[in-house]
Number of protein chains: 2
Amino acid sequence: MAATILLVEDESGIQELIKLNLTQAGHAVICADSAEQALMLIRQSLPDMVLLDWMLPGMSGIELARIFRSDARMKNVPIIMLTARGDERDKVLGLETGADDYITKPFSPRELSARIKAVLRRRAPQMTEDRIALRGLVLDPVSHRVTGHDIALELGPTEFRLLHFFMTHPERVYSRTQLLDQVWGDHVFVEERTVDVHIRRLRLALGASGHEDLIATVRGAGYRLSVHD
Amino acid sequence: MAATILLVEDESGIQELIKLNLTQAGHAVICADSAEQALMLIRQSLPDMVLLDWMLPGMSGIELARIFRSDARMKNVPIIMLTARGDERDKVLGLETGADDYITKPFSPRELSARIKAVLRRRAPQMTEDRIALRGLVLDPVSHRVTGHDIALELGPTEFRLLHFFMTHPERVYSRTQLLDQVWGDHVFVEERTVDVHIRRLRLALGASGHEDLIATVRGAGYRLSVHD
DNA sequence: CAAAATTGTCACGAAATTGTCATCTTCCCG
DNA sequence: CGGGAAGATGACAATTTCGTGACAATTTTG
């Protein structure tokens with residue numbers, strides 16, 4: 001279970017330490033020193049979750065969390081608060097603000113890993129290993145198989161990732177750029193129109209089970225997996 | 001994120017300084033020395049937000065904020081209060097009055113920028129991704145769907161943006177120029193009459209669910225989305 | 001290593017969208 | 001009532017956007 005994690009922590013020592021732990025656990029880590037930087041980064045890199053230090057210079061962690069939560073685009077990004085030992089008020093306040101979990105410093109790498117795993121399981125549908133069913137379509141992340149009305153579908157690797165992404169994010173329009181970021185990866189340099197071609201290939205494959213209209217194109221905006229007929 | 005900001009500050013030195021900062025950050029700045037001037041300017045120029053000094057000659061900032069809030073036309077314009085250092089009472093009072101945020105002088109350009117960005121993100125209604133419902137009409141920015149009485153409406157990209165804007169700014173008249181700025185974009189050079197045509201197309205589409213009279217024409221002034229029948 | 005599969009890019013055509021204009025309608029005011 | 005101003009409407013051409021098939025490059029597989 002590899003995830004992209006945004007770490008917001010002003011003390012560079014602790015930041016490095018946590019970053020090391022997370023990296024070794026197989027996660028991609030993006031670091032921010034301040035609330036402002038965090039705001040920038042979370043928008044452009046769409047992390048799978050945020051590790052947020054309670055105490056920050058300027059804007060406090062809790063304020064930052066509140067901002068995250070008030071913006072619909074970031075509403076679904078899970079947040080874990082890092083707090084100093086035993087400050088119960090902070091804990092309550094943090095959870096009220098919408099943090100998904102909190103962890104008190106100092107903590108062991110194992111504990112951190114466990115919390116991350118738990119939160120991701122709860123909040124990031126893509127990362128789970130559960131089967132996803134939708135309109136007679138069943139996608140199994142484990143066996144890497146897809147069936148439509150019990151008919152096995154032949155999908156290439158990219159088509160599979162694309163469908164996987166759409167099925168974990170239904171009823172939501174994604175631009176070509178967003179799809180490239182989410183399905184191909186941030187760093188990749190690929191033409192936007194390439195998305196069209198893969199959408200087409202995916203549609204063709206889905207057609208084998210009568211699901212050709214599952215993915216709708218939204219002119220001028222992007223594509224969307226529609227749950228309704 | 002470029003915005004039009006109304007700055008209300010009586011000390012010309014500070015005013016110049018802030019104006020410089022904001023301009024460099026890519027915002028358009030309109031300055032007012034007094035509450036009276038501010039009232040004039042906010043009506044005619046429709047800023048995206050207001051930076052309001054707490055201490056003003058004559059009418060105080062907080063009174064001004066109260067007036068802003070009580071006027072339907074300005075109700076949706078976010079306000080950031082500028083207060084002197086550490087006056088907590090002001091802070092509380094300010095937030096109660098309806099200020100969206102406060103910032104204590106002196107402050108760094110970075111902090112100001114961050115607060116502005118945050119407030120705009122929170123308050124600029126078009127930016128949120130919450131579903132908007134109005135007279136049986138439901139617009140979902142996320143899925144890019146519009147339904148009127150559960151009937152799906154077919155909208156082109158521009159019609160969608162136009163309706164989105166109106167639904168986030170109901171009961172308020174917008175001139176063609178303002179609509180071009182808000183829906184098309186500042187830089188675009190398009191005939192004003194083009195707005196008429198798109199209004200028409202939007203009305204036609206809305207007619208499919210019996211909402212043809214949703215957008216009213218205000219002769220000599222512009223158009224308005226009416227909430228009431 | 002050869003065959004097969006996958007992938008990114010391109011060019012072309014179809015279709016949708018858009019801006020503009022000319023022409024009616026409607027409304028306002030003397 | 002008439003004249004004009006402002007808005008509505010329909011048509012149209014230009015542009016944009018998307019779908020589609022082909023193809024070469026690359027990777028995977030046998």
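In the text below, chain A, chain B and the rest are named by the order of the sequence lines, each starting its count at 1.
Atom CD in B:Glu192 sits roughly 13 Å away from atom P in C:dC21 (whole-Å rounding). At whole-Å resolution of the value, CZ in A:Arg193 and P in C:dC12 are 14 Å apart. The CZ-P distance, from B:Arg219 to C:dT25, rounds to 15 Å in whole Å. The CG atom of B:Leu202 sits 14 Å away from the P atom of C:dT17 (whole-angstrom rounding).
Contacts of A:Thr217 with the nucleic acid, taken as non-hydrogen atoms under 4.0 Å apart, involve only primed sugar atoms and P, OP1 or OP2. The residue B:Tyr223 sits close only to the backbone: its heavy atoms come under 4.0 Å of sugar-phosphate atoms, none of a base.
For A:Thr158, counting side-chain heavy atoms from C-beta on, the closest listed nucleotide (C:dT20, C:dT18, C:dT7) is C:dT7. When distances run from any side-chain atom of B:His198 to the nucleotides C:dG8, C:dT17, C:dG19, the shortest one goes to C:dG19. Side-chain atoms of A:Glu159 lie closest to C:dT7 of the nucleotides C:dT9, C:dC27, C:dT7.
The side chain of B:Trp184 contributes an N or O atom lying less than 4.0 Å from OP1 or OP2 of C:dG19.
Side-chain atoms of B:Gln37 come within 3.5 Å of backbone atoms of B:Asp33 as a donor-acceptor pair (strictly under, hydrogens ignored). In terms of modelled atom types and a separation under 3.5 Å, the side chain of A:Arg172 and the main chain of B:Val142 share no donor-acceptor contact. A donor-acceptor contact shorter than 3.5 Å is absent between the side chain of A:Gln15 and the backbone of A:Leu7.
Annotation: of the two residues near DNA chain D, B:Asp196 and A:Asp196, the 5′-most nearest-nucleotide partner is B:Asp196.
Within the structure, side chain to side chain donor-acceptor pair (under 3.5 Å) pairs that include any residue of residues 207-218 of chain B comprise B:Arg203-B:Thr217, B:Ser209-B:His211 (at least two apart or interchain).
Between the side chain of B:Arg201 and the base of C:dG19, at least one donor-acceptor pair of N or O atoms lies under 3.5 Å.
Shortest non-hydrogen contact noted between A:Phe166 and A:Leu225 is CB-CD1, 3.6 Å.
Rounding to the nearest 0.5 angstrom, the gap separating the OG1 atom in A:Thr23 from the CD atom in A:Glu16 is 9.0 Å.
Classified by interplanar angle (parallel below 30°, tilted 30° to 60°, perpendicular above 60°), the ring pair A:His198/A:Trp184 is perpendicular.
Nucleotides of DNA chain D lying under 4.0 Å from heavy atoms of chain A occupy a range whose first and last members, 5' to 3', are D:dT17 to D:dA22.
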